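Only a predicted model underlies this, so the values are computations on that prediction, with no experimental measurement involved.
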Amino acid sequence: MTASHLPRSLKPLRSGEVGIVNAEVSEDDPSNVILSTEAGCVVMTDLNSELTLASPQSPEVSFYDPVMTVASLHTGAVTSMALSPYDDNILATAGEDLRLILVAVTSPHSPASTYQLERPVSAMSWSPTRPSLLAAASNRFIFLFDTIQVINIWKDN
């Protein structure tokens with residue numbers, strides 16, 4: 001992804017490209033893809049977008065630009081993210097900054113909840129039977145978050 005979409009606060013990274021770490025696709029609308037980046041940003045896209053982007057190599061050629069919103073959520077790379085299977089508007093992200101953040105896809109610049117972690121998270125998954133239960137895996141630990149109640153349970157493997 002071209003780094004020109006990144007916020008101005010990440011100016012040193014805006015000169016080139018930024019790596020994509022993870023992608024989530026909305027079950028309700030497969031044209032909505034959410035990407036996480038090495039720069040700590042979450043990118044909301046619309047593959048049906050008709051916004052055009054000129055090619056830097058040949059200005060007479062234009063491409064469709066699917067990027068709709070970029071939210072800088074973490075101070076390091078986003079290590080994992082999970083879109084709720086119950087509500088496509090709820091996204092959980094974890095980053096190298098040891099934070100787990102819940103955001104509404106429609107307003108990603110204002111996190112709904114933030115949890116400070118003690119260990120980095122490498123994978124996350126929502127419960128298949130309890131809409132508010134989120135599991136986050138770390139090296140030798142599993143963190144369980146009840147996103148409605150303020151209870152964090154962890155288990156050592």
**Request:** Find the distance between SG (Cys41) and CG (Leu35) and round it off to the nearest 0.5 Å.
**Result:** 11.5 Å
**Asked** What is the distance from atom NE2 of His74 to atom CD of Glu96, rounded to the nearest 0.5 Å?
**Response** 10.5 Å
**Prompt:** Side-chain contact, heavy-atom cut-off 4.5 Å: Leu83 with Val105?
**Reply:** yes
**Item:** Note, Phe143 side chain near Leu134 side chain (heavy atom, < 4.5 Å)
**Value:** no
**Request:** Just do the side-chain contact (heavy atoms from CB on, under 4.5 Å) check on Asn22 and Val78 with the steps written out, would you?
**Result:** CA-CA 8 Å; Asn22 201 343; Val78 178; over 6 Å; no
**Asked** Do Asp28 and Ser26 have side-chain atoms, one donor and one acceptor, less than 3.5 Å apart?
**Response** no
**Item:** Sub-4.5 Å side-chain heavy-atom contact between Trp126 and Thr147
**Value:** yes
**Prompt:** Can you list every side-chain hydrogen bond (donor to acceptor under 3.5 Å, both in side chains) pair that touches residues 100-111, not counting sequence neighbours?
**Reply:** Asn89-Thr106
**Message:** Could you check whether any side-chain N or O of Ser31 sits under 3.5 Å from a backbone N or O of Asp46, counting only pairs where one atom can act as donor and the other as acceptor?
**Reply:** no
**Set of residues satisfying salt bridge (Lys or Arg N to Asp or Glu O under 4.0 Å) with respect to Asp97, sequence neighbours excluded** = Arg99
**Asked** Do the non-hydrogen side-chain atoms of Val42 and Val70 ever get within less than 4.5 Å of each other?
**Response** no
**Asked** Where do Leu91 and Thr93 land on the side-chain contact (heavy atoms from CB on, under 4.5 Å) test, with the steps shown first?
**Response** CA-CA 7 Å; Leu91 177 71; Thr93 66; 3.9 Å; yes
**Request:** Kindly give the heavy-atom pair with the smallest separation between Ser138 and Pro120, and that separation in Å.
**Result:** OG-O, 2.6 Å
**Message:** Could you see if Val25 belongs to whatever hydrophobic cluster contains Val43? Use Ile, Leu, Val, Met, Phe, Trp, Tyr and a side-chain cutoff under 4.5 Å.
**Reply:** yes
**Flag, side chain of Tyr86 to backbone of Ser132, donor-acceptor distance under 3.5 Å** = no
**Prompt:** Quick one: does Tyr115's side chain have a donor or acceptor within less than 3.5 Å of a partner on Leu102's backbone?
**Reply:** no
**Message:** Using a 3.5 Å distance criterion without hydrogens, assess whether the side chain of Thr79 forms a donor-acceptor pair with backbone atoms of Val121.
**Reply:** yes
**Item:** Donor-acceptor contact below 3.5 Å, side chain Gln116 vs main chain Leu98
**Value:** yes
**Request:** Determine, using the 4.5 Å side-chain heavy-atom cutoff (strictly less than), whether Val67 and Leu47 are members of one ILVMFWY cluster.
**Result:** yes
**Asked** Run the side-chain contact (heavy atoms from CB on, under 4.5 Å) check on Leu100 and Met124 step by step: do they pass?
**Response** CA-CA 10 Å; Leu100 187 141; Met124 288 192 295; 3.5 Å; yes
**Request:** Applying side-chain contact (heavy atoms from CB on, under 4.5 Å), run through Arg119 and Asn139 and close with a yes or a no.
**Result:** CA-CA 8 Å; Arg119 294 171 167 37; Asn139 185 16; over 6 Å; no
**Prompt:** If you take all heavy atoms of Ile101 and Pro111, which pair is closest and at what distance?
**Reply:** CG2-CB, 3.5 Å
**Request:** Using atom types as modelled and distance alone, determine if a side-chain donor or acceptor of Asp88 lies under 3.5 Å from a backbone N or O of Glu27.
**Result:** yes
**Prompt:** Under 4.5 Å between any side-chain heavy atoms of Thr37 and Val21, yes or no?
**Reply:** no
